[in-house]
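So the structure is just underneath, and the comments pick up after that.
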Amino acid sequence: MGIWGSLFLLFLILISAYQSFAKEGSAEELNEEFTEGLLLRPLADRKVLAHFHFQSSVPPTRTYGRHHHLFPKSIYQLIKKFRVREMELSFTQGRWNYERWGGYDPISSSNAKPPGVELWAIFDVPLDQVDASWKNLTHALSGLFCASINFLEHSTSYSAPQWSFRSFTGKLRYGTLPREAVCTENLTPWLKLLPCRDKAGISALMDRPSIYRGYYHSQRLHFTSDEYDTAKSNSGIMLEQTLTVVLQPNTLGARAMVSGKTLQPSWSLSSLFGRKVHGKCSVSKSSNVYVQFEQNLVSELKEVWKESEESERGILTHNNFWTNPIFEMSASPHRIVKEVGNLQQEDSSILYEFSVEDFNDSEPFDLGLKWKLPVAWSCQQAPLRASRFLMGSGNERGAIAISLKSSRNNNTQRVGCSENGSQLRIDIFQVVPWYVKVYYHTLKVFVDGELQSTMENIEKMHISSSEDKVSPGVMEMILRLPCGVKTAALTLEFDKGFLHIDEYPPDANQGFDIPSAVVSFTDFQASIGFEDNFLNKLPILNELQERKHVICYTEVLLVPLTTPDFSMPYNVITITCTVFALYFGSLLNALRRRVGEEERLLKSKAAKKRGPLTSILSKLFAKLTGRPIKPPETQSASPSSINYKVIVKVILVAGMAVGWQYYFR
Amino acid sequence: MIYPPPLNLVQFSFLAISEQYLSILTQTPIRLINYRFRYRSPPPFREIDDLSTAIESSPILFPCHFRAVFVNFDPNSYTADQLSISVQAHMAKFAAKNSPACGTCASNVTVSVTLDSNSNCISNGNNVDWKCGALNEFKFAEKHEDGLLDEDFASLLDNNSGAKVYTVVAVKTEQEEVRAVVGKYRHAWIMGRIFEEEAIEKIAEIFVNVFMNGGKEEGLIHGEFMPLGADGRIVLSFNLLNADPHNWIYDWDFQEIDENLLSPVIDALKPLADVSVESQVLYHTPKSSFSFWDDRLDSYIFSTKDLPFFVNSNEWHLDTSVAAGGLSKILQFVVYVPSAKECPLQLQLPNGEISTTNGFISPMWGGIVVWNPSACLTDSKIKHPLRYKISSEDSRKLFEVFMGQLRQLFGLKSDGLFVGASGTSILLASERGFSEWELDVLSRQHSCFNLLQCGTTLGSLSRLVQSLPRMIIMDDIGKQVKYSLEAARLTLSNALLGIYDASAGMFYSSAIWMDCN
């Protein structure tokens, strides 16, 4: 008994100690935080990637209360009302070019999104209420973001992926609207969630014409909340807003050439956006601008440097490097951050950090990058390049093909393969609307052009077939491909369904969109590790450091379906109206003609003059018909017969009308 | 010569045929639909019409109980019955002055009178439980504080029967000054050297103008525009606006305000409305009207004619709350912290004076208070803006202004004085924001206007359905019509019994309206 008692006492002491420890831990960050950041990266195809990153966080309601000072009220209420655990909403215009802009870095994995709207959410409600919550959430979001997200309400437009998208069985819903047009009306409510909107800080760069002029534009909102977790340690709500744009720097006049090669375009913030940064947002904790040189660019720069001058190892991180012979930056960086942990390559990417805190209206921050020597590099590719296309023709049936091609440089592939034996794992998640009736038994897998027996390469597959007008078809699968694979392809045959006339969207002849398939390489992590530990506190670098799978989206497919002749009712109406017009025109003509009066007029006219033209015409007519010329007087045969004709016509019309009336009563 | 063509016949035949033709095109599907759906659930027209005529024909008047207690008056000059009749006569006179508004008491009020003098104690009513001689223990000569006296009266008049009886106690004392105070509960008292006639008039006025009509005056918000949602919910949205965070950033501890100051008010309003509170702090929110520097007042001035342009709806994102779905009403309360280039900012009244509250209300929208930071006059050329917190004292002051604004939005007086024909009465302010008799007035008005609106909604719905026989009435809407009719009837009968809680009927009728649309 005594032992048990003392043990119990010890246990109590331990618990209380733990609790006090936990309290101390939570007391550390008991405040809302907002940070802003901008990452700029020169791209290999003479464009520039700008990635805005804003993050607001709030401690859990239990300890902090429900009144906030920085965190947007509307998002908090959304989380509170619909009990959302995690949600991501993205508005995208244009397609991320995986070949030229990279497919293996954190930004392409988390910020390259399918065109249109993509929304997924994980709810913290019982399983039977998830659909209702989703519907309400879509309506709330469509009001909040001025977009037709409410079209995702219908069960044909969203799906519940089981394991391939994210592993939250049953409580995750995923939906896309590939045809949603994205414009400033969506950006303005998104900016309203930032404490400084676009009035101050880095977001002031968002000049609408410049942003929407770009090649790619994706605004994203992502939050995680553990408000409803029963577990003790919760970190509150974290709201992350990013805007990723790919812009073409304005190169005035001809491209500058140095020794036969074109120079990369030089740019500055003011030339890219037409604006400068006038200091930071006053409530933000940190606001930095980063310029990132990819690792391929870094190694290329070293090559060029070696060619032009004597080798020096620390060139890019050297103190006075920004006036080096290859490029020039208009400001000196606050700090230089090097990537670590990338052991396979000798070169690693470099981040130059600039703080905008010390700038103000009189002295705005305008970062510029000027190239002096031509450099050419290629970006890092995902292990396989995924694309999707349609096969077959006609309005009856076709096939969807997903092709995976090995990217040119085999470095990354080798890395992934060595980690995981000789197999390459690929997860594919695809949603197909119900009117494209996919026959999943027709699935064929080709590896290097040869047809494989299906189950050989498929490790796991989950299919929920579509139900007409109720749910879309969902396919989730894990493919295992041999490491040295050059090409692989999946084909699926489908029949095209028919829609009811009400179900056609406007401009149905354009075709119907099949949302992008998600291809993820779960063996590969896209993340950049940094040397300094204290950098963990900067959310934008955190985002880069976060270990995520390499994900890419395929193209949106456009399937032409048989459309009814929408103009048919219009044609019918037009034709009938024409017939009626002719009918009533002649009737009117017959009724209002006064035969006697006309004859009298004609007579008097004829008596007055018989022009030479009429006589010639009558002669000609006579010759053609072979009759002798009649004087025009003979036209007036007998008025009584004409009267009789008119009466017959009137009776006919009246009879038709009566018959019509009688028939259709 | 022009001969008019004989068009008429043709036109007619054309019209006849075209109509026929159109009917072929259009009517066939409509008829088919009609045969399927028409009058799925016809609303009870006759009963609806009965109800709406009953509601519209006469304003709904609630039965009220009044009691007058005369202490230390000469028992021989008047009998209790005489006093009662005379008070009623005066009340009728006062009530005739203002037209019978919605939510007042019925005209045939009963006033029970108790005459309590040293020697004897006479009452004319049955249910009068005045403890005779109880007031003798009080020493009126001593200066009592009104609040304490109010509590004393409350304990004296405390009746456990639950009926809402309004009491005025007239006490004849040796004090020269006649003092009339309306308490926080359902009673008032008049003290001083006062004669019967004077006391009767004053009592009648307090009964009619204060307890029945809520002490309203011309120019205050009419009861019809009470900021109450149809489902009986109000969202109070408090916003702190920093006009230019480059100068300074002010923050508040709203958690504390919510817990300490707001929650009693919310509790007090619970019988009337379900109040929820939310708050936010916004930055970069300049006002959209102009202000000018006044040397004499040593501050920037905005005048009352600028007020319509003060709210900058482009920059003030006082988001409509997601939480307030459907029929709830949102009241915005805004603290505006001016930027350095317009600080201190003062509101100038039309008479040239500076407003003491430095705020204003907009009916059905909410209220705005301009709060000038104390750092205003010091030089503000700081590179990095300083973060301040509004002190708890300041936030209490702000909150008091907001409370006054909330009372004004509800159509109540916020200055604590009632000026009547027979002198001024002091209205004691409750620490809960609303006193009990004020809440009675509000809920009477609310139920009355709700019933009115319910009647008109149902009536117009019935007229609409009758005039459009082809309109489809779905089953659930028909059901809701029936519910709402039931609720309205119940409310009407309850109102006649003196129970005023009529949110339900209104809720259903507006739900119908939304469904039909």
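Each chain gets a letter, A, B and so on, in the order its sequence line appears, and its residues count up from 1.
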(Q) Report which part of B:N242 has an atom under 4.5 Å of a heavy atom belonging to chain A: side chain, backbone, both, or neither. (A) neither
Q.
For the CZ atom on B:F309, are there more than 12 heavy atoms of other groups (residues, nucleotides or ligands in this structure) within a distance under 6.0 Å?
A. no
Q. Heavy-atom distance under 4.5 Å to chain B: side chain of A:H69, backbone, both or neither?
A. both
Q) Going by heavy atoms in the side chains, are B:V277 and A:H67 under 4.5 Å from each other? A) yes
**Q.** Atom pair NE2 (B:H246) and CG (A:D361), whose distance is rounded to the nearest 0.5 Å
**A.** 7.0 Å
Q.
Rounded at 0.5 Å granularity, tell me how far CZ in A:R197 sits from OG1 in B:T285.
A. 7.0 Å
Q.
A quick test of your reading: do over 12 heavy atoms of other residues, nucleotides or ligands sit less than 6.0 Å from NZ of A:K80?
A. yes
Q: Determine, for A:R66 against B:E278, whether the closest basic-nitrogen to carboxylate-oxygen distance falls under 4.0 angstrom.
A: no
Q | Interface moiety of B:E259 toward chain A, non-hydrogen atoms closer than 4.5 Å | A | neither
Q) Taking atom CZ of A:R593 as the centre, does the number of heavy atoms from other residues, nucleotides or ligands within less than 6.0 Å exceed 12? A) no
(Q) Counting only non-hydrogen atoms closer than 4.5 Å, does B:H317 touch chain A with its backbone (N, CA, C, O), its side chain (CB onward), both, or neither? (A) side chain
Q. Checking side chain to side chain contact (heavy atoms under 4.5 Å, CB included) for the pair A:V283/B:I249: CA distance, chi angles, key distance, verdict?
A. CA-CA 8 Å; A:V283 288; B:I249 300 169; 3.8 Å; yes
Q. Can you tell me if NZ on A:K135 sees more than 12 non-hydrogen neighbours from other groups inside 6.0 Å?
A. yes
Q | Considering all heavy atoms, the nearest A:S282-B:R387 contact | A | O-NH2, 3.9 Å
**Q.** Selection from B:L282, B:D258, B:D253 maximising heavy-atom pairs under 4.5 Å formed with chain A
**A.** B:D258
Q) Should we say atom NZ of B:K341 is surrounded by more than 12 heavy atoms from elsewhere, each under 6.0 Å from it? A) no
Q.
Within a 6.0 Å radius of atom NE2 on A:H334, are there more than 12 heavy atoms belonging to other residues, nucleotides or ligands?
A. no
Q) How long is the span from the CD atom in B:Q255 to the OH atom in A:Y64, to the nearest 0.5 Å? A) 8.5 Å
Q | Pick from B:Y283, B:W252, B:F238 with the largest number of heavy-atom pairs that fall under 4.5 Å of chain A | A | B:Y283
Q) Judged by modelled atom types alone, do A:K73 and B:S237 share a side-chain donor-acceptor pair under 3.5 Å? A) yes
